[in-house]
Novice: 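Got a structure for you, written out below as structure tokens; questions coming shortly.
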Amino acid sequence: MSIPFITAEEAAAIIKNGDTVATSGFTASGTPKVVTVALAERARALHEKGEPFKINLFTGASTNDHVDGELARANAIAKRTPYQSHKDCRSLVNSTDGISYFDAHLSHLSQDLRYGFYGDIDVAIIEVTEMSPNGEVILGAGLGMAPTIAHLAKKVIIEYSSYYHNSFRGFHDNYIPLDPPNRREIPIYRPSDRIGSTVLKIDPKKIVGVVPSNASESIKPFTAPDELTQRIGDNICRFLVDQLRKGEIPKEFLPIQSGVGNVANAVLYGLGENPEIPRFEMYTEVIQDAVMALMEEGKCRFASTCSLTFSDDAMLHFMENIDFFRDKVLMRPGEISNSPEVVRRLGLIAMNTALEADIYGNVNSTHVLGTKMMNGIGGSADFSRNAYLSIFSCPSIQKGGKISTIVPMVSHVDHSEHSVKIIATEQGVADLRGLDPIQRAQTMIENCVHPMYKELMWDYLKIACKNGGHTPHDLRAAFAFHEALMEKGDMSLVDFAEYDK
């Protein structure tokens, strides 16, 4: 069967108003680069004529400016899930008449689509780096939920990328678990276990066209760890070394899961530099530039991931040395890289970031002041609830001290105290395991709260304890920090004396 090459504009014309469109990729890696730009232009042209045009957009995770940015600016997204990080998309998500966004765990979306919870997928746009006439393709730098959407979509548009000058063949592990009632275990017992196929098979009758692309992922390098992130990273590394010395982490160490960002990179570099940390493996959803360096240094033996979220310069280095990495990296679909079953079995050390945490160990990772969506829950809960050790980190203060990230009560809960074992700031580490609520609060205040907020936090706990109860709170004062920020622009201006009556 001959599959035609078409232009991005011809591909965009296939997509209709109201269609549900799903894309490959995870972060910017492996996402479409040209069809969605043409689709945004089509939306603008139709809007200028007074015609409606919006799609429902389902992705593996966050995307890039070519997808979320272009389509948001064109007001072409009606519904969005499961995760976004682009400022233009975020603005519409936080507008009452903008994008209808529902937050979802990344490990859930593929299976929920197969269960039929969200209706049909009309069109899938999938980036590939190699392709045969029978529909067998080699994906790019990120999988996301490509195997599921290729299977479910009524029509498939292929973006054929020529940007990568070496073959990705062998780096992917395409696998779809059986659905209930026939589901079996996912047979991964070590991060390096391969369970699926290196190629993704797409029914060629569903492929409506192939669009050439030569665009990079356009990922900027993360800034080097500064003094603050370095201190957080050092605190976590010291804690893990102490756990090793005590025998509470096996002497062989455990696989690492690490979120995205500068703190995550600081921790990874710290683990690499510490002679007491043995060589380790990773089972995670993304790997960044730091992991490549650790592999070349011999500290990281292997990484199972959903995407190579490398900066453009690092990606070029990866491609130039690709044979070195062929037995060290494996990319899987998001529902496998984030599978709670596998996370529990492997015993991961999971490290993720928080927007704020409260004195009892509840974590808010998504909503600013409890109302404004930042990015989404992503995969953090997939890992934290099922990990051997779940660690959340954040700076103790933000905005020059006007915000304390440790508060009496979080304004939104993504990870309850039952899922959070360790919290770290640049001030120190709070090990919350085995502590009752008051002990947790005391440990948090003593170890993680910034000095400028410690007295205020002790004041709150004293007031709360007067009310008694297993988890003491004063509901009049629980959000006093947040109210002071909204009314006075500074949490430190709170006065708990008015509540202590």
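Hydrogens, waters and symmetry mates play no part in the numbers below; they use all other heavy atoms, side chains included. Since the structure is predicted, the reported quantities are computational estimates derived from the model, not experimental observations.
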Novice: Would you call R114-E335 a salt bridge at under 4.0 Å N-O?
Specialist: yes

Novice: If you draw a 6.0 Å radius around NZ in K328, do more than 12 non-hydrogen atoms from other residues or ligands fall strictly inside?
Specialist: yes

Novice: Counting only heavy atoms not in H151, do more than 12 fall under 6.0 Å of its NE2?
Specialist: no

Novice: Would a distance-only check, ignoring hydrogens and angles, find a side-chain to backbone donor-acceptor pair under 3.5 Å from T405 to P395?
Specialist: yes

Novice: Going from CG on L389 to CG on L254, what distance comes out if it is rounded to the nearest 0.5 angstrom?
Specialist: 8.0 Å

Novice: Using 0.5 Å steps for rounding, measure from the CD1 atom of I55 to the OG1 atom of T20.
Specialist: 8.5 Å

Novice: After noting the C-alpha distance and the side-chain angles of D193 and R190, does the key distance pass the salt bridge (charged side-chain N to carboxylate O under 4.0 Å, His left out) rule?
Specialist: CA-CA 6 Å; D193 285 344; R190 297 173 301 175; 3.2 Å; yes

Novice: Please report the interatomic distance OG1(T59) to CG(N64), rounded to the nearest 0.5 Å.
Specialist: 10.0 Å

Novice: Of the non-hydrogen atoms in I232 and A424, which two are nearest, and what is the gap between them?
Specialist: CG2-O, 4.5 Å

Novice: Going through the checks in order, is the side-chain contact (heavy atoms from CB on, under 4.5 Å) test met by L271 and L294?
Specialist: CA-CA 9 Å; L271 294 176; L294 292 174; 5.9 Å; no

Novice: What I want to check is whether the side chains of D382 and S107 have a donor and an acceptor closer together than 3.5 Å.
Specialist: yes

Novice: For the pair M444 and L432, evaluate side-chain contact (heavy atoms from CB on, under 4.5 Å) and give the outcome as yes or no after the intermediate values.
Specialist: CA-CA 8 Å; M444 284 289 293; L432 305 178; 4.0 Å; yes

Novice: Can you list the steps and then say if N352 with Q257 is a side chain to side chain donor-acceptor pair (under 3.5 Å)?
Specialist: CA-CA 8 Å; N352 293 283; Q257 177 265 329; 3.1 Å; yes

Novice: Is the ring pair F102/F58 parallel, tilted or perpendicular, if the boundaries are 30 and 60 degrees?
Specialist: perpendicular

Novice: Taking side-chain hydrogen bond (donor to acceptor under 3.5 Å, both in side chains) as the criterion, tell me which of N56, D68, D103 meets it with R80.
Specialist: D68

Novice: If we count only N and O atoms by modelled type, under 3.5 Å, do the side chains of S411 and E356 hold a donor and an acceptor together?
Specialist: yes

Novice: Hey, mind stepping through Y453 and F481 against ring pair (Phe, Tyr, Trp, His ring centres under 6.0 Å) and telling me if it holds?
Specialist: CA-CA 10 Å; Y453 282 95; F481 274 28; 5.6 Å; yes

Novice: How are the rings of Y460 and H473 set to each other: parallel, tilted or perpendicular (split at 30° and 60°)?
Specialist: tilted

Novice: With R332 as reference, evaluate S337, S304, S339 under the side-chain hydrogen bond (donor to acceptor under 3.5 Å, both in side chains) test and give the passing residue.
Specialist: S304

Novice: For atom CZ of R385, decide whether the heavy atoms of other residues, nucleotides or ligands shown that lie under 6.0 angstrom number more than 12.
Specialist: no

Novice: What I'd like to find out is whether the side chain of L143 reaches to under 4.5 Å of the side chain of N174, using heavy atoms alone.
Specialist: yes

Novice: Evaluate the side-chain proximity of M282 to T305: yes if any heavy-atom separation is below 4.5 Å, no if none is.
Specialist: no

Novice: Restricting to non-hydrogen atoms, name the atom on H105 and the atom on A381 that form the minimum distance, rounded to 0.1 Å.
Specialist: CE1-CB, 3.5 Å

Novice: Rounded to the nearest 0.5 Å, how far apart are CD1 of I121 and OG1 of T148?
Specialist: 8.0 Å

Novice: Determine yes or no for a side-chain-to-main-chain donor-acceptor pair under 3.5 angstrom, with E159 supplying the side chain and V35 the backbone.
Specialist: yes

Novice: May I ask you to decide if I377's main-chain N or O and S380's side chain share a donor-acceptor pair within less than 3.5 Å?
Specialist: yes

Novice: Quick one: does I176's side chain get under 4.5 Å of P333's, heavy atoms only?
Specialist: no

Novice: What are the two closest non-hydrogen atoms of A104 and T81, and how far apart are they?
Specialist: CB-OG1, 3.9 Å

Novice: side-chain contact (heavy atoms from CB on, under 4.5 Å) between Q427 and V449: does it pass, once the steps are laid out?
Specialist: CA-CA 7 Å; Q427 301 299 318; V449 173; over 6 Å; no

Novice: Is it the case that atom CD in E227 sees more than 12 heavy atoms from other parts of the structure closer than 6.0 Å?
Specialist: no

Novice: Would you say T129's side chain and G140's backbone share a donor-acceptor pair under 3.5 angstrom?
Specialist: no

Novice: Do the side chain of R231 and the main chain of G428 share a donor and acceptor less than 3.5 angstrom apart?
Specialist: no

Novice: Between D65 (side chain only) and G69 (backbone N and O only), is there a donor and an acceptor less than 3.5 Å apart?
Specialist: no

Novice: For the pair H47 (side chain) and F53 (backbone), establish whether a donor and an acceptor sit closer than 3.5 Å, ignoring hydrogens and angles.
Specialist: yes

Novice: Answer whether the closest heavy-atom distance between the side chains of E426 and S396 falls below 4.5 Å.
Specialist: yes

Novice: Considering only NZ, NE, NH1 and NH2 on the basic side and carboxylate oxygens on the acidic side, decide whether E70 and R73 come within less than 4.0 Å.
Specialist: yes

Novice: So do the side chains of Y160 and S213 get within less than 4.5 Å of each other, counting heavy atoms only?
Specialist: no

Novice: A side-chain contact here means heavy atoms from C-beta on lying under 4.5 Å apart; do I158 and I202 qualify?
Specialist: yes

Novice: Give the C-alpha distance, both sets of side-chain angles, the deciding distance and a yes or no for side chain to side chain donor-acceptor pair (under 3.5 Å) between E281 and S192.
Specialist: CA-CA 9 Å; E281 297 181 322; S192 57; 4.7 Å; no

Novice: Walk me through it: do V291 and T284 pass the test side-chain contact (heavy atoms from CB on, under 4.5 Å)?
Specialist: CA-CA 11 Å; V291 177; T284 189; over 6 Å; no

Novice: Is the side chain of K54 donor-acceptor paired with the backbone N or O of I99 at a distance under 3.5 Å, no angle test?
Specialist: no

Novice: Using only atom types and a distance under 3.5 Å, with no angle test, would you say the side chain of N94 pairs donor to acceptor with the backbone of R90?
Specialist: yes

Novice: Quiz question: by atom type and distance under 3.5 Å, do the side chains of S404 and H450 form a donor-acceptor pair?
Specialist: no

Novice: Set out, in order, the CA-CA distance, both residues' side-chain angles and the distance that settles salt bridge (charged side-chain N to carboxylate O under 4.0 Å, His left out) for K154 and D120, then state yes or no.
Specialist: CA-CA 8 Å; K154 299 174 184 176; D120 295 337; 3.5 Å; yes

Novice: I would like to know whether R433 and D431 meet salt bridge (charged side-chain N to carboxylate O under 4.0 Å, His left out); could you show each step before the answer?
Specialist: CA-CA 6 Å; R433 292 172 293 176; D431 185 347; 2.7 Å; yes

Novice: After noting the C-alpha distance and the side-chain angles of D226 and T229, does the key distance pass the side chain to side chain donor-acceptor pair (under 3.5 Å) rule?
Specialist: CA-CA 5 Å; D226 57 18; T229 56; 2.9 Å; yes

Novice: Can you find a heavy atom in the side chain of M351 that is under 4.5 Å from one in the side chain of I256?
Specialist: yes

Novice: Is it the case that the side chain of D289 and the backbone of S311 share a donor-acceptor pair, with hydrogens and angles ignored and the cut-off at 3.5 Å?
Specialist: yes

Novice: Could you grab the distance from atom CG of L485 to atom OG of S492, nearest 0.5 Å is fine?
Specialist: 10.0 Å

Novice: For salt bridge (charged side-chain N to carboxylate O under 4.0 Å, His left out), just list the numbers for K33 and E127, CA-CA rounded to whole Å, side-chain angles, deciding distance to a tenth of an Å, and then say yes or no.
Specialist: CA-CA 8 Å; K33 313 291 193 303; E127 182 187 76; 2.7 Å; yes

Novice: With a 4.5 Å heavy-atom cut-off, do F168 and L308 have their side chains touching?
Specialist: yes

Novice: In Å and rounded to the nearest 0.5 Å, what is the CD to CG distance from Q84 to N375?
Specialist: 6.0 Å

